[in-house]
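Inspection log for the structure reproduced underneath, given as structure tokens.
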Amino acid sequence: MPANDHLKLSIVVPCHNEQDNIQELWRRSRDAAKACVGDSFELVLVNDGSSDNTWPVIADLAKAEDRVLSINLSRNYGHQLALTAGLTHCSGDRILVLDADLQDPPELLTDMMKLMDDGADVVYGQRKEREGETWFKKASASWFYWLLRKSVDIEIPANAGDFRLVSRRVVDAFLSMPEQHRFVRGMVSWIGYKQVALRYDRAPRLHGETSYTLGRMLRFAADAITGFSTKPLRIASYLGLMSGAFGVILLIYILISLIAARPVAGWTSLMAVVAVLGSATLVVLGVIGEYIGRMYVEVKGRPLYLISEVIGGMAAPHAATCPHCGKPLGASVGRHPETT
């Protein structure tokens, strides 16, 4: 294919320790893409610092199949930044975001394409059932989406991950957003345009285990909430005001007791009050510190990611430009040129 031709479809897949899933991923993704766009597609595989043989497997696949582009990041940056790397270097007019574990079936691409033909810019998969997941994972996911709805300032669909088909203009808008702490589904929701849901039953993992540990899930939730809402700061302010009001009432009580020449009884209660006020202060400082920490990371202006090696690919990357200055977006370091 000539280098100046745009592909109709790109399938972007972040990979972390997925060596056993790659061949089946390629087969099913290829068949689904050919059923929709013929040969005008590519599969973009991003190795996110895997500790197994994921990179050799996807590198060999890229050498054998000219429709596969394999990108090896310099280390493990996390799913959201690996996904950003894939979106930066894909070439298609439409982009399907998929996980390598095949819990989200690529065969739904046909239905997604039809919804996009009807005018949608984003078609996101919304899970009806979550097979193969523990009760704790289901309960924590339900709690996470409830907290997200209560906290963020935009509407983020419940039970919807990163599995979605997006148009080129949505990807270009996404790439113009330079933040380090990324919550991709929230960023896509913030962009707007017409977004529709496609409900489906999520299958269990094909092979391996999820890399989303409890610690990573908590950090992911913190990124989601602090990245799209200032409500935690307001809650911290309200908590500080309540603690301050309680302290003023307690001070008035102590003054009245002194004037009346009555001893202020209750050493235990006094220590309890000190503990409560101290805890409230630490909570407020912790919330403020979380936002300051995010600002500290952002102002350093480091690249989102670094690429160690790229193998394969058919077409030149789509020349996405910044809607503000007109300069190209994305690079091998994954950052807007003016921020590097």
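FYI, the numbering just counts along the sequence from 1. Predicted model only: the values in this text are computed from it and were never measured.
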Which residues share a side chain to side chain donor-acceptor pair (under 3.5 Å) with Asp99, sequence neighbours left out: His79
Using salt bridge (Lys or Arg N to Asp or Glu O under 4.0 Å) as the criterion, list what pairs up with Asp31, not counting sequence neighbours. Arg27
Apply side-chain contact (heavy atoms from CB on, under 4.5 Å) to residues Val122 and Val196 and explain how you reach the verdict. CA-CA 6 Å; Val122 177; Val196 298; over 6 Å; no
Taking Glu42 for the side chain and Ser10 for the main chain, is one N or O donor matched with an acceptor at less than 3.5 Å? no
For the pair Asp121 and Arg169, evaluate salt bridge (charged side-chain N to carboxylate O under 4.0 Å, His left out) and give the outcome as yes or no after the intermediate values. CA-CA 8 Å; Asp121 277 281; Arg169 70 170 177 171; 2.8 Å; yes
What's the spacing between Asn72 CG and Ile311 CD1 if we round to 0.5 Å? 8.0 Å
Nearest-0.5 Å distance, CG of residue Asn53 to CG of residue Asp20: 9.5 Å
What pairs with Arg199 under side chain to side chain donor-acceptor pair (under 3.5 Å), at least two apart in sequence or on another chain? none
CA sep, side-chain torsions, deciding dist, call: Leu175, Thr88, side-chain contact (heavy atoms from CB on, under 4.5 Å): CA-CA 7 Å; Leu175 294 177; Thr88 303; 3.3 Å; yes
Has the side chain of Gln195 got a donor or acceptor atom that lies under 3.5 Å from a matching backbone atom of Val188? yes
Please enumerate all residues that pass side chain to side chain donor-acceptor pair (under 3.5 Å) together with Glu107, with sequence neighbours excluded. Arg28
Mind checking side chain to side chain contact (heavy atoms under 4.5 Å, CB included) for Thr110 and listing every partner two or more places apart, or none if nothing turns up? Cys36, Lys114
Give the minimum heavy-atom separation between Ile58 and Asn47, together with the two atoms involved. CD1-CB, 3.7 Å
Shortest non-hydrogen pair, Ala197 vs Gln126, comes out as CB-OE1, 3.7 Å
Side chain proximity check, Asp39 to Arg67, heavy atoms < 4.5 angstrom: yes
Which is it for Glu18 and Asn21 under the side-chain hydrogen bond (donor to acceptor under 3.5 Å, both in side chains) test, yes or no, and what are the steps along the way? CA-CA 5 Å; Glu18 301 285 359; Asn21 296 330; 2.5 Å; yes
Just wondering, do Leu43 and Val13 contact through their side chains at under 4.5 Å, heavy atoms? yes
Could you tell me which non-hydrogen atom of Tyr305 sits nearest to which non-hydrogen atom of Leu81, and how far apart they are? CD2-O, 4.1 Å
With a 3.5 Å distance limit and no angle check, can you tell me whether Ser176 reaches the backbone of Ala173 through a side-chain donor-acceptor pair? yes
Please collect all salt bridge (Lys or Arg N to Asp or Glu O under 4.0 Å) contacts where either partner lies in residues 52-64, sequence neighbours excluded, each pair once. none
Residues in side chain to side chain donor-acceptor pair (under 3.5 Å) contact with Asp117, at least two apart in sequence or another chain: Arg94
Nearest 0.5 Å, what's the CG-CD1 distance between Leu45 and Ile11? 9.5 Å
Under the rule for ring-ring contact (aromatic ring centres under 6.0 Å, His included), what residues qualify as partners of Phe163, not counting sequence neighbours? Tyr200
Beyond-backbone contact of Trp55 with Ser308, side-chain heavy atoms, under 4.5 angstrom: no
Cation over ring, Arg185 on Tyr124, under 6.0 Å and within 45°? no
For Leu98 and Ser29, the nearest pair of non-hydrogen atoms, with its separation, is CD2-OG, 3.8 Å
Work out which heavy atom in Gln19 is nearest to a heavy atom in Thr54; give both atom names and the distance. N-OG1, 3.2 Å
Say whether, by atom type as modelled, one donor and one acceptor occur between the side chain of Tyr77 and the main chain of Gly49 under 3.5 angstrom. no
Would you compute the distance between atom CG of Leu109 and atom CE of Met116 and round it to the nearest 0.5 angstrom? 10.0 Å
With rounding to the nearest 0.5 angstrom, report the CG to CZ distance, Leu83 to Arg182. 9.5 Å
To the nearest 0.5 Å, tell me how far Ser189 OG sits from Phe183 CZ. 7.5 Å
Given 3.5 Å as the limit, does a donor-acceptor pair link the side chain of Ser74 with the main chain of Ile307, or not? no
Tell me, do Leu198 and Leu108 make a side-chain contact under 4.5 Å, heavy atoms counted? yes
Under the side chain to side chain contact (heavy atoms under 4.5 Å, CB included) test, which residues partner Ala82, sequence neighbours left out? Pro14, Val46, Asp48, Leu73
Quick one: do Phe41 and Lys8 satisfy side-chain contact (heavy atoms from CB on, under 4.5 Å)? Show the steps, please. CA-CA 6 Å; Phe41 74 94; Lys8 293 181 180 179; over 6 Å; no
Report the C-alpha distance between Ser51 and Asn17 in whole Å, list the side-chain angles of each, state the deciding distance to 0.1 Å, and finish with yes or no for side-chain hydrogen bond (donor to acceptor under 3.5 Å, both in side chains). CA-CA 6 Å; Ser51 58; Asn17 294 342; 3.3 Å; yes
Take Val44 and Val68 through the test side-chain contact (heavy atoms from CB on, under 4.5 Å) and record every step on the way to the result. CA-CA 6 Å; Val44 181; Val68 177; over 6 Å; no
For Val184, is there any backbone N or O sitting under 3.5 Å from a side-chain donor or acceptor partner on Gln80? yes
Please find the pair of heavy atoms, one from Met112 and one from Arg164, that lie closest to each other, and give the distance. CE-CA, 4.2 Å
Any Leu9 side-chain heavy atom under 4.5 Å of Asp93 side chain: no
